[in-house]
Amino acid sequence: MGVTHLSTKTSRGTPSPKTKKTFYITTPIYYPSDKLHIGHAYTTVAADAIARYKRFKGFDVRFLTGTDEHGQKIERRAKEAGKTPQQFVDEIVAGIKDLWSLLRISYDDFIRTTERRHIEVVQDVFEKILKKGDIYKSEYEGWYCVPCETFWLERQLEDGKCPNPDCRRPVELVREESYFFKLSKYQDKLIRYIEENPDFIKPASRRNEMLNFCKSGLEDLCVSRTTFNWGIPVPGDPKHVVYVWFDALTNYISALGYGRDGEEFRKYWPADLHLVGKEIMRFHTIIWPIILMALDLPLPKQVFGHGWLVLEGGKMSKSKGNVIDPVVLVDKYGVDAVRYFLLREVPFGSDGYYSEEALKGRINSDLANDLGNLLHRSLGLVERYWDGRVPTPQAGDTSMADYAREVVKKYEEAMDGFLLSDALTTVFSLVTRCNKYLDEEAPWAKMPRGEEAAASTVLYNVLESVRIVAGLLVPFLVETPEAIWTQLGIDESPRGKRWEEVVAWGGLKPSTRTRKAGPLFPRIEIRTQDAHPSTEGGAGEAGSELIDIERFKELDLRVAKVTAAEAVSGSKKLLKLQLDVGDGIGQRQVVAGIAKHYKPEDLVGKYVVLVANLKPAVLKGIRSEGMILAASHGEDCLRLLTVDGEIPPGSGIS
RNA sequence: GGCGGCGUAGCUCAGCUGGUCAGAGCAUGCGGUUCAUACCCGCAGUGUCACUGGUUCGAAUCCAGUCGCCGCUACCA
């Protein structure tokens, strides 16, 4: 493609086309023992946005992700599934790649630690360091649990026994030969490096932690295992396999062909950014740099430890059943809504809260109300008053142009520090400014007064701002920017165009025929679920809306037997009930607002109707796990629903 | 236990080296508008800036202590 015009203004950090600077960014390689969840998606989407931004800015980007496929856990999971480890991981990796394609992750390379290209480099690296003397053979002493086939550290034991809750059997002290890596030798060098390079570890709080850890003294690291086979054999000593982190971390250079053809390695190493979750900072800022030091290789320029998406109910875990599957979210809300939420909600290095309500809130308030509606209303005006053509601005009002320029500047600052959430906040401040500007200038009022020139300027300024907004969203969203440009009547896509051209004011040509379409982001109706678990509230608006059977089925109604009841102190209305809901559900505690109508002792033994899948609530400090149903008529009349005869507690109601 | 951090409007949080620092967004209420996806715009809040002392002319901002919460404290990825 012929680049004909010279860049008029070279933004900071933007290389000219001739001397294209490189940018190498990595995600962690994920462990394919299970499907990935929203947390993995978060890391990868963030890396993707950074990679897209850097490409936008003209960098020669290399974006690497992959999978870390060895280790005991995989070996076990495969066995349980009756598969070979390789078969097992192949299937999961296929699913991971599908997820990345669903989320439109623009990785340049996907490395798997079971690939030959990786195995060879790991063995090469191991051998080099061994020869150098920084890996040495010694004895590993540990407590071994024979039934569990697992080594434990002294401090992991519980009462000197196996800490596995299903085991708790005595362990035996075992010595075995192992390879050790001399972390201790490089301790001071690493400390100095971290101290002299304040940007090496981000954010600063993590940097301090890591520095602290180093200063407390590094022990040599055991880098081989003999207790399982699913790993890379130690060269020349195949009863050992290479320790997981030594294997995994090496992916960052094996993917570049370190020690082989070498060209890509020379081009892209050292990495500009390893983006990782805060939980694996230590491996990336201590073990990995020391491996590189032992190889006499330069260290990555930055390791950024991002925070987690925290769920309301605590950390995501399979046992809690609260694992959020990104595929489900994308199917439900669309890829751009999910990407937007992930990148907007979690600021800098801190944690962010995930809930579906928060996700819907973001979609509605930012994407639908502010951005989508802005485009919709301004194109509506263009259709009504300008016959669907971009109006011609008059000189004079530069307020929006000035504001947009300011936004672009702040956006660049945020992005250059990888502050994705801040960058998005800035972009949306321009959207908000546009909405306000439209209201202030009210072009729909100017037109009837014959102030067409002024109104044209206003509309142009808004449309042009929206054009730039779409451009700034290119790294974050994968469909919306082009959708906006299309509606603005621009035939090109903002993606792949040069940054300077996209963000320069005045790109939108007057007279362009616009193509207004449906809402960019439809509002999501948030069903207001009354979490009040008492029986108050009565009938509500009867007959206001018809529902289908599926909607009704969402309720889990059960017969429950009242086993105990007592008044709630400090409340005239509330009773605390213990319910027997059968074998399936068991005991439930419910707080019900029926004290004015029932005495506790009259309730015990009654069969009532429980909404079993209502979100738990806390009333007067007492947890209520559902609600029981009652009919009421005015203030004074309330009767509990019950069943017409004997039926086992827990029986379903339909 | 050791080191570090946090505790500011209902919610999520900004507030760097002390003097418009008492703020933003969301939620709430009221008003405006009706070009628009019940949208947008404006106004209004309430806050003992965890608690107790201290330094200072003056502290959310510095110091000490108390209470509460969180992170790190290595061989599980």
Side-chain angles (χ1 to χ4, degrees), chain A residues 28-34 67-74 140 142 150-153 155-156 178 180-181 183 203-225 243-248 277-283 286-287 305 307-308 310 344-353 355 357-358 361-362 364-385 421-422 425 428-429 431-432 434-447 455 458-459 462 516 518-525:
Chain A
I29 50 176
Y30 302 109
Y31 201 63
S33 62
D34 282 302
T67 42
D68 170 23
E69 307 185 2
H70 292 123
Q72 193 165 26
K73 191 168 169 188
I74 297 268
Y140 182 87
T150 307
F151 271 98
W152 302 103
L153 293 174
R155 52 178 189 81
Q156 292 177 304
S178 267
F180 284 83
F181 179 42
L183 293 185
S205 53
R206 300 289 156 204
R207 176 170 178 266
N208 291 337
E209 284 175 7
M210 294 307 121
L211 213 40
N212 244 323
F213 183 84
C214 290
K215 287 178 176 171
S216 71
L218 297 182
E219 293 167 23
D220 291 350
L221 178 75
C222 176
V223 290
S224 70
R225 292 294 132 96
Y243 166 63
V244 284
W245 278 105
F246 214 91
D247 174 353
K278 62 184 184 179
E279 74 283 3
I280 51 173
M281 281 303 268
R282 206 177 59 228
F283 306 104
I286 294 170
I287 299 177
W308 290 339
V310 183
R344 172 59 231 267
E345 201 68 11
V346 184
F348 201 24
S350 42
D351 291 345
Y353 289 94
S355 71
E357 291 316 305
R362 280 288 171 212
N364 280 348
S365 69
D366 295 0
L367 298 177
N369 294 351
D370 292 351
L371 175 61
N373 184 51
L374 172 63
L375 179 70
H376 203 246
R377 71 191 293 211
S378 40
L379 289 181
L381 288 166
V382 169
E383 285 197 340
R384 179 181 297 202
Y385 295 108
S421 177
D422 290 2
T425 304
F428 276 78
S429 76
V431 173
T432 298
C434 283
N435 274 319
K436 184 173 173 167
Y437 179 68
L438 267 181
D439 278 18
E440 285 168 352
E441 300 297 330
W444 53 89
K446 283 189 162 74
M447 287 306 281
V458 170
L459 248 293
V462 168
K516 182 168 180 278
L520 279 180
F521 294 93
R523 281 179 62 80
I524 295 157
E525 291 316 314

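Protein chains get the first letters and strands the later ones, always in sequence-line order, with residue 1 at the start of each. Bear in mind the structure is a predicted one, so any value in this text is a computation, not a measurement.
- Within the nucleic acid shown, A:Y30 has no heavy atom closer than 4.0 Å to any nucleic acid atom.
- Protein atom CG of A:N212 is 12 Å distant from nucleotide atom P of B:A74, rounded to whole Å.
- Contacts of A:E219 with the nucleic acid, taken as non-hydrogen atoms under 4.0 Å apart, include base atoms.
- Within 4.0 Å (heavy atoms only), A:D366 reaches no atom of the nucleic acid at all.
- The interatomic distance linking A:W308 (CH2) with B:U12 (P) rounds to 19 Å, in whole Å.
- To the nearest whole angstrom, the two P atoms, one in B:C72 and one in B:G29, are 41 Å apart.
- With a cut-off of 3.5 Å on both Watson-Crick or G-U wobble distances, the partner of B:U34 is given as none.
- For the pair A:F180 CZ and B:A74 P, the computed distance is 16 Å after rounding to whole Å.
- For the pair A:K278 (side chain) and A:R206 (backbone), a donor-acceptor distance under 3.5 Å is absent.
- Interatomic distance, CG of A:L221 versus CD1 of A:I287, reported as 5.0 Å (0.5 Å rounding).
- In this entry the distance linking CG of A:L375 with P of B:C40 reads 14 Å, nearest Å.
- Per the geometry, CZ belonging to A:R207 stands 14 Å off C1' belonging to B:G4, to the nearest Å.
- The separation between A:F181 atom CZ and B:C75 atom C1' is 13 Å, rounded to whole Å.
- Nucleotides B:C26 and B:U73, compared at atom P, are 38 Å apart to the nearest Å.
- Put simply, CG on A:L221 is 5 Å from C1' on B:C75, counting in whole angstrom units.
- Applying the 6.0 Å contact sphere to NZ of A:K73 captures no more than 12 heavy atoms from other residues, nucleotides or ligands.
- Taking the C1' atom of each, B:G15 and B:U8 are spaced 9 Å apart, rounded to whole Å.
- Panel note: side chain A:N364, backbone A:I524; a donor-acceptor pair is recorded below 3.5 Å.
- Look at B:G65: its Watson-Crick or wobble partner, with both distances under 3.5 angstrom, is B:C51.
- At least one side-chain heavy atom of A:L438 sits under 4.5 Å from a side-chain heavy atom of A:L459.
- One C1' atom belongs to B:G10, the other to B:C67, and the distance between them is 24 Å to the nearest Å.
- Look at B:A24: its Watson-Crick or wobble partner, with both distances under 3.5 angstrom, is B:U12.
- Note on A:K73: nothing from the nucleic acid sits closer than 4.0 angstrom, heavy atoms only.
- Between A:R377 and A:W444, some side-chain heavy-atom pair lies under the 4.5 Å cut-off.
- Below 30°, between 30° and 60°, or above 60°: for A:F246 and A:F181 the angle between ring planes is above 60°, a perpendicular geometry.
- The two residues A:Y243 and A:R225 have their closest heavy-atom pair at CD1-NH2, 3.5 Å.
- With P as the reference atom, B:C57 and B:G18 are 16 Å apart, rounded to whole Å.
- When Watson-Crick and G-U wobble pairs are counted only if both distances are under 3.5 Å, B:C3 pairs with B:G71.
- Residues A:F428 and A:L367 are in side-chain contact: their nearest non-hydrogen atoms beyond the backbone lie under 4.5 Å apart.
- When only modelled atom types and interatomic distance are considered, A:T67 and A:E69 share a side-chain donor-acceptor pair under 3.5 Å.
- Residue A:L218 is classed as a base contact, given a heavy-atom separation below 4.0 Å to a base.
- Taking atom P on both nucleotides, B:A9 is separated from B:C49 by 10 Å, rounded to a whole Å.
- Within 4.0 Å of A:G277, counting heavy atoms only, lies no atom of the nucleic acid at all.
- Within the 4.0 Å cut-off from OP1 or OP2 of B:G71, not a single side-chain nitrogen or oxygen of A:K278 is found.
- Within the 4.0 angstrom heavy-atom criterion, only backbone atoms of the sugar-phosphate kind lie near A:Y31; the bases stay farther away.
- Base pairing of B:G18: no nucleotide in any strand meets the Watson-Crick or G-U wobble criterion (both distances under 3.5 Å).
- For the P atom pair drawn from B:G4 and B:G65, the interatomic distance equals 12 Å after rounding to whole Å.
- Across all strands shown, A:T432 has heavy atoms under 4.0 Å from sugar-phosphate atoms exclusively, and none from any base.
- B:A14 and B:G23 have their C1' atoms separated by 7 Å, given to the nearest Å.
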Please tabulate, one pair per line, each protein N/O and nucleotide N/O from nucleotides 34-38 of chain B that are separated by under 3.5 Å, including the distance.
from	atom 1	to	atom 2	distance (Å)
B:C35	O2	A:R377	NE	3.1
B:C35	N3	A:R377	NE	3.4
B:C35	N3	A:R377	NH2	2.5
B:C35	N4	A:R377	NH2	3.1
B:A36	O3'	A:H376	ND1	3.0
B:A36	O2'	A:N373	OD1	2.2
B:A36	N1	A:R377	NH2	3.3
B:A36	N3	A:N373	ND2	3.3
B:A36	N3	A:R377	NE	3.1
B:U37	O2	A:F521	O	3.4
B:U37	O2	A:R523	N	3.2
B:U37	N3	A:F521	O	2.7
B:U37	O4	A:G372	O	3.4
B:U37	O4	A:N373	N	3.4
B:U37	O4	A:L520	N	3.4

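- Across every strand in view, B:A59 sits unpaired, with no contact that passes the Watson-Crick or G-U test at under 3.5 angstrom.
- In this structure, A:L211 places its CG atom 12 Å from C1' of B:C72, rounding to the nearest Å.
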